[in-house]
Amino acid sequence: MTTVPEFGRFFLPGPTEVHPDILQAMLQPMIPHRGPQMVDLLEGADGPLRELFCTERPVLVGTCAATGFMEMAVRSGVRHRALSLVTGAFGERFAGIVETAGRDAIRLNVPPGGTIEPDMLEDALKRSDVDAVTAVHSETSTGALAPIEQLAAVVQEFDDVLFLVDGVTSVGGCPVRTDEWGLDFVFTGSQKALALPPGLALGVASERMVERARKIPERGAYLDVVAYQEAAARFQPTNTPGISTLYALSEQLKRIAAAGGIQARWDRHEAMRQTVENWVAGRGGELGFSYLPSEERRSWTISCLEVPEGRNGREIAKDLAREGWIIGSGYGSLKEQTIRIGHMGDHTVAALTELLQVLERVLQ
Ligand SMILES: *Cc1c(COP(=O)(O)O)cnc(C)c1O
């Protein structure tokens, strides 16, 4: 039997822990999805969601996994060929969707933990004839944080190339300045830095993304960015949404505002990243832990650490689970070699500090 950990001890890099007040909000009764209550619900979420994405554009709200909006990005945003920046499993997923949607993907790969830097992107774009670039901001499989602002600036030097960004473990956990950076499409999922139950995708599309989509007839129906954009302008859902997840969203947006707003949320996540960095610089490093990504390229929401010589990431995660603390083992080929601590959402520096102490104890 699996034991349910106490609240504040569930550091999986998604889904992350959901506050009881949010779960409670989901128990509200159903409402007609074409009635005024639905419009109120979506209109109420609109302002806070724009703040979250730092945008003046409407935020598209879908009740599907984040991968749904990744597919939307491709089907509505890639005409023929994309340059896919592959820094880990989620970058590879993005490239794979480009191909399964019948477009070409040219992959730009880096070793695990690495990031694609602006000069590499510029070289690749000069060499390849593409109409879009796909990228992952915070690569949850390796803990690496891409320099998205600088990459966006490079993409903008090229004519008619859209920049499509997976912000699943960055939006809400570190600055994502959609309009200022000029992102054409950026999306997230509810179960990561927003600490909501899974099942919600949120995204923002630039004007030129929507214009391009209009000219791609085979962009599909259910995940059509044009339909989403038009519905969002009227605070309407496209189809019957998972209404309970919208209640959760509405409640969480209130909680974020009450806790000091988006800047306070970023600050708390930065402090959590620094907590792990300080630990690795001290006791954790003495025990043999080191970072997979380099300094300046570390996610604020997930820390991926190489485990000490002779230890196994999966075993360490199991040992912690026996103590009632949940973390992620490594992802894919990094399963045994690394651990991943998902310090995102509503987690605190205090609980993270306690987790690191338990980690020290189980290693003895
Ligand atoms: C979790 C995650 C996804 C996939 O989210 P789903 O909701 O499972 O589709 C995509 N990208 C990144 C970076 C993630 O961390």
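Any value given below was found using the heavy atoms of this structure, including those in side chains, with hydrogens, waters and symmetry copies removed.
Between Arg273 and Glu277 there is a salt bridge, since at least one side-chain N of the basic residue sits less than 4.0 Å from a carboxylate O of the acidic one. We find that Asp224 and Arg214 are not joined by a salt bridge, their nearest charged nitrogen and carboxylate oxygen being 4.0 Å or further apart. A salt bridge is absent between Glu139 and Arg297: the closest approach of a Lys/Arg side-chain nitrogen to an acidic carboxylate oxygen does not fall below 4.0 angstrom. In this structure, Arg57 pairs ionically with Glu207, as a charged nitrogen and a carboxylate oxygen lie closer than 4.0 Å. Electrostatic pairing of Asp123 and Lys126 does not count as a salt bridge here, judged by no charged N lying under 4.0 Å from a carboxylate O.
Annotation: Gln274, atom CD; neighbour count of heavy atoms from other residues, nucleotides and ligands within 6.0 Å is above 12. Under a cut-off of 6.0 angstrom, the local environment of CD in Gln364 is crowded, with over 12 non-hydrogen atoms contributed by other residues, nucleotides or ligands. The number of heavy-atom neighbours closer than 6.0 Å to CD of Glu56, taken from other residues, nucleotides and ligands shown, is 12 or below. Counting non-hydrogen atoms of neighbouring residues, nucleotides and ligands closer than 6.0 angstrom, the CD atom of Gln263 exceeds 12 such neighbours.
Counting only distance, with no hydrogens or angles, the side chain of Thr275 and the backbone of Ala271 share a donor-acceptor pair below 3.5 Å. Checking side-chain atoms of Ser299 against main-chain N and O of Thr301 turns up a donor-acceptor pair under 3.5 Å. In this structure, the side chain of Ser206 engages the main chain of Met209 through a donor-acceptor pair within 3.5 Å. Between the side chain of Arg268 and the backbone N or O of His347 there is at least one donor-acceptor pair closer than 3.5 Å. Remark: the backbone N or O of Trp300 is paired with a side-chain donor or acceptor of His343 at under 3.5 angstrom. A donor-acceptor distance shorter than 3.5 angstrom exists from the side chain of Glu17 to the backbone of Gly8, with no hydrogens or angles considered.
To the nearest 0.5 Å, the span separating CG on Leu125 from CD1 on Ile106 amounts to 9.5 Å. For the atom pair OG1 (Thr245) and CG (Leu249), the distance works out to 8.0 Å, reported to the nearest 0.5 Å. Separation of atoms OG (Ser329) and CZ (Arg340) is listed at 6.5 Å; rounding is to 0.5 Å. With rounding to the nearest 0.5 Å, the separation of CD in Gln191 from OG1 in Thr169 is 10.0 Å. To the nearest 0.5 angstrom, Leu108 atom CG is 7.5 Å from Arg127 atom CZ. Taken to the nearest 0.5 Å, the CD atom of Glu92 stands 10.5 Å off from the CD1 atom of Ile97.
For the pair Thr16 and Ala195, the tightest heavy-atom approach, listed with the atom from each and the gap, is CG2-CA, 3.7 Å. The two residues Ser141 and Gly88 have their closest heavy-atom pair at OG-CA, 3.5 Å. What you find for Gln37 and Pro32 is that their closest heavy atoms are OE1-CD, 3.6 Å.
When the side chains of ILVMFWY residues are joined at heavy-atom separations under 4.5 Å, either directly or via intervening members, Ile148 and Leu121 end up in a single hydrophobic cluster. Side-chain heavy atoms closer than 4.5 Å link hydrophobic residues (I, L, V, M, F, W, Y) into clusters, and following such links, even through other members, never connects Ile216 to Tyr222.
Among Lys215, Arg208, Arg212, the single residue meeting the salt bridge (Lys or Arg N to Asp or Glu O under 4.0 Å) criterion with Asp160 is Arg212.
Proximity of Leu202 to Leu194: side-chain heavy atoms (C-beta onward) are separated by under 4.5 Å at one or more points. The side-chain heavy atoms of Phe289 and Leu363, taken from C-beta on, include a pair separated by under 4.5 Å. Contact annotation: the side chain of Ile302 never approaches that of Lys192 to less than 4.5 Å [non-hydrogen atoms, C-beta and beyond].
Cluster note: Leu292 groups with Leu334 through ILVMFWY side-chain heavy atoms spaced under 4.5 Å, whether in direct contact or through intervening members.
No hydrogens or angles considered: nothing links the side chains of Thr115 and Thr87 as a donor-acceptor pair under 3.5 Å.
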Practice task
Please step through side chain to side chain contact (heavy atoms under 4.5 Å, CB included) for the pair Gln337 and Val307, ending with a clear verdict.
Solution key: CA-CA 6 Å; Gln337 189 193 329; Val307 301; 5.7 Å; no
Practice task
Quick one: do Asp131 and Arg103 satisfy salt bridge (Lys or Arg N to Asp or Glu O under 4.0 Å)? Show the steps, please.
Solution key: CA-CA 11 Å; Asp131 55 70; Arg103 280 78 157 172; over 6 Å; no
